[in-house]
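Following: one structure in structure tokens, then a few remarks.
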Amino acid sequence: MIIGFIGDVHGLVYHALALTATWQAKTGKRFDHLIQLGDMAAYPDPDRGDAATKRYVAIDPAQADFSRLLKATGERARELTRVRNELLPPTQFVRGNHEDFDFLKELHVDGLIGSAKVDPFDLFRYVPDGTVLRLGGLSVAFLGGIEMKNGDDRAIGEAAYDTLIGLGTGTIDVLVTHDAPYGTSLGYRQDNWGSKLIERLIKETQPTFHVNGHVHHVSGPRRYGQTTSWTLSALVASARWYPELNGFELGCLAVLDTDTGTLRPITDEWMADFDTKSFDFDSWFEGFRS
């Protein structure tokens with residue numbers, strides 16, 4: 001079984017589809033499951049987004065692609081249907097700190113699949129915090145949000161956190177979080193960034209693998225007892241902070257191969273060479289299928 005993990009997308013859902021489909025074409029392998037690590041920027045209407053998201057969309061209009069995908073019609077809708085039916089499994093995503101939280105709360109979670117279908121093409125599914133999905137022979141636990149004061153929609157949910165902590169050691173194979181464990185990176189003042197809550201969760205549950213986003217650069221592997229932990233890059237570099245950069249960020253995708261028992265970030269040369277700035281999904285899809 002092959003599971004792909006995708007770093008922060010920030011609305012660039014068409015880029016995410018191209019990334020994973022291209023990896024399949026380059027390797028001749030197929031993803032059985034795809035998981036996105038939060039900051040999908042799941043805004044059905046960008047005008048309802050937070051101030052930061054509106055600012056980023058003004059700089060990079062592609063960051064509003066999530067809302068465009070939800071409303072796709074005509075040939076674009078037919079292309080998306082083909083992607084789902086012929087190329088990719090749905091991408092299960094966890095809550096980040098840049099989402100329309102009211103929209104996510106209103107979604108209907110299917111008890112049989114453990115997640116909520118988000119779009120009419122079933123390309124993306126939202127997984128609520130504290131959920132443990134059985135994917136093949138693996139138990140995969142999901143926890144969104146970041147460590148901050150309770151009561152903020154962006155915060156790690158106390159109830160969900162307690163649920164996962166309560167599972168104890170050895171019950172989770174893969175732990176998926178948005179926030180990073182404490183000490184993953186350094187701040188501007190060389191202070192440690194990351195979440196002590198996430199660090200404690202890893203140490204008390206001891207999953208085989210832990211994967212997170214949020215930090216926007218690849219980091220790892222880190223060891224916490226029996227656990228191997230990776231932080232993934234964002235899908236592309238911020239157009240606001242790095243307007244000169246193009247291509248997928250190396251390490252924005254990681255692949256878990258259960259046959260070999262390995263989890264590794266993908267840093268292949270084609271990722272950096274991919275033209276993400278002038279990316280057009282329709283042209284890409286036509287070329288990809290030809």
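Nothing here was measured: the structure is a model prediction, and the numbers come from that model.
- The closest donor-acceptor contact from the side chain of Glu147 to the backbone of Ala155 lies at 3.5 Å or more, if one exists at all.
- With Thr171 contributing its side chain and Gly168 its backbone, the two residues share a donor-acceptor pair below 3.5 Å.
- With rounding to the nearest 0.5 Å, the separation of CG in Asp110 from OG in Ser115 is 7.0 Å.
- Residues Val118 and Phe66 are in side-chain contact: their nearest non-hydrogen atoms beyond the backbone lie under 4.5 Å apart.
- Using modelled atom types and a 3.5 Å distance limit, the side chains of Gln206 and Thr169 yield no donor-acceptor pair.
- For the atom pair Lys26 NZ and Ile266 CD1, the distance stands at 13.5 Å (nearest 0.5 Å).
- Under the 3.5 Å distance criterion, with hydrogens and angles disregarded, no donor-acceptor pair is assigned to the side chains of Thr227 and Ser229.
- Distance check, rounded to the nearest 0.5 Å: CG of Asp119 to CZ of Phe124 gives 7.0 Å.
- Residues Asp257 and Thr262 bring no donor and acceptor atom of their side chains to less than 3.5 Å of each other.
- Ser238 contributes a side-chain N or O that, together with a main-chain N or O of Trp241, makes up a donor-acceptor pair within less than 3.5 Å.
- Considering NE2 of His217 and OG of Ser233, their distance stands at 8.0 Å, rounded to 0.5 Å.
- Judged by distance alone, the side chain of Gln92 and the main-chain N or O of Gln36 form no donor-acceptor pair under 3.5 Å.
- Criterion: ILVMFWY side-chain heavy atoms under 4.5 Å apart, direct or through other members. Under it, Met271 and Leu245 are not part of a common hydrophobic cluster.
- Counting all heavy atoms, side chain and backbone alike, Thr20 lies closest to Leu253 at CG2-CD1, 4.4 Å.
- The same ILVMFWY cluster, assembled from side-chain heavy atoms under 4.5 Å apart, contains both Leu88 and Trp270.
- Ring geometry for Phe274 versus Phe279: interplanar angle of 30 to 60°, hence tilted.
- In this structure, OG1 in Thr205 is found 10.5 Å from CZ in Arg200, a value given to the nearest 0.5 Å.
- Look at Arg76 and Glu79 and you find a salt bridge, because one of the NZ, NE, NH1 or NH2 atoms lies within 4.0 Å of a carboxylate O, short of that distance.
- Electrostatic pairing of Arg82 and Glu75 counts as a salt bridge here, judged by a charged N lying under 4.0 Å from a carboxylate O.
- Residues Phe103 and Val109 do not share a hydrophobic cluster, clusters being chains of Ile/Leu/Val/Met/Phe/Trp/Tyr side chains in contact below 4.5 Å.
- No salt bridge links Glu99 with Arg154; every basic N to acidic carboxylate O contact stays at or beyond 4.0 Å.
- The closest side-chain donor-acceptor pair between Asp8 and His216 falls under 3.5 angstrom.
- Taking the six-membered ring where tryptophan is involved, the planes of Tyr126 and Phe93 are tilted, since the angle between them lies from 30° to 60°.
- One finds a salt bridge joining Asp65 and Arg68 here, because a Lys/Arg side-chain nitrogen approaches an Asp/Glu carboxylate oxygen to under 4.0 Å.
- Trp23 places a side-chain heavy atom less than 4.5 Å from the side chain of Lys29.
- A donor-acceptor pair shorter than 3.5 Å can be found between the side chains of Ser219 and Arg222.
- Under the 3.5 Å distance criterion, with hydrogens and angles disregarded, a donor-acceptor pair is assigned to the side chains of Asn246 and Asp275.
- Asp39 and His214 share no donor-acceptor pair across their side chains, judged by distance under 3.5 Å alone.
- By the 30° and 60° cut-offs, the orientation of the rings of Phe248 relative to His15 is perpendicular.
- When hydrophobic residues (I, L, V, M, F, W, Y) are linked wherever their side-chain heavy atoms come within less than 4.5 Å, the members clustered with Ile165 are Val132, Leu143, Ile156, Tyr161, Leu164, Leu167, Ile172, Leu175, Leu197, Ile198, Leu201, Ile202, Tyr224.
- At a threshold of 4.5 Å between non-hydrogen side-chain atoms, the residues His210 and Thr228 do not count as touching.
- Although no hydrogens or angles enter the test, the distance criterion places a donor-acceptor pair under 3.5 Å between the side chain of Ser139 and the main chain of Asp173.
- For the atom pair OH (Tyr43) and CG (Leu70), the distance works out to 13.5 Å, reported to the nearest 0.5 Å.
- Counting only N and O atoms by type, the side chains of Thr231 and Asn212 include a donor and acceptor under 3.5 Å apart.
- Proximity of a side-chain donor or acceptor of Arg78 to a complementary backbone N or O of Thr81 within less than 3.5 Å is not detected.
- In this structure, the side chains of Leu80 and Leu17 come closer than 4.5 Å at one or more pairs of heavy atoms.
- Classification of the Phe281-Tyr14 ring pair by plane angle, with boundaries at 30° and 60°, yields tilted.
- Between Pro265 and Gly251 the shortest heavy-atom distance is CB-CA, 4.1 Å.
- Annotation for Glu86: atom CD counts as buried by contact number, over 12 foreign heavy atoms lying within 6.0 Å.
- Enclosure of atom NZ in Lys277 by more than 12 non-hydrogen atoms of other residues, nucleotides or ligands within 6.0 angstrom is indicated.
- Of the charged side-chain nitrogens involved, none lies within less than 4.0 Å of a carboxylate oxygen, so that Lys105 and Asp100 do not count as a salt-bridged pair.
- Using a 4.0 Å cut-off between charged nitrogen and carboxylate oxygen, Asp129 and Arg95 count as a salt-bridge pair.
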Item to check | Candidate pair Leu12 and Asp60, rule side chain to side chain contact (heavy atoms under 4.5 Å, CB included), full reasoning | outcome: CA-CA 10 Å; Leu12 304 178; Asp60 183 1; 4.1 Å; yes

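- In the hydrophobic clustering of ILVMFWY residues, with side-chain heavy atoms under 4.5 Å counting as a link, Phe31 and Leu123 come out together.
- Taking all atoms of both residues into account, the shortest heavy-atom contact from Phe288 to Ala25 is CE1-CB, 3.8 Å.
- When hydrophobic clusters are built by joining Ile, Leu, Val, Met, Phe, Trp and Tyr residues whose side-chain heavy atoms come closer than 4.5 Å, directly or via intermediates, Val57 is not grouped with Val236.
- Listed by chain and number, the hydrophobic cluster partners of Met148 are Ile146, where partners are ILVMFWY side chains within reach of under 4.5 Å, directly or through others.
- Contact record, Ala160 with Gly130: CB-N, 3.7 Å, taken as the closest heavy-atom pair.
- Minimum interatomic distance between Pro90 and Asp122 (heavy atoms only, all atoms of both residues): CB-O, 3.3 Å.
- If you chain together ILVMFWY residues whose side-chain heavy atoms come under 4.5 Å of each other, Phe209 ends up grouped with Met1, Ile3, Phe5, Ile35, Leu37, Val94, Val127, Leu133, Leu135, Leu138, Val140, Phe142, Val174, Val176, Val211, Val218, Trp230, Leu232, Leu256, Leu263.
- More than 12 heavy atoms of other residues, nucleotides or ligands shown are found within 6.0 angstrom of NZ on Lys71.
- The two residues Ala64 and Pro46 come nearest to each other via the heavy atoms CB-CG, 3.7 Å.
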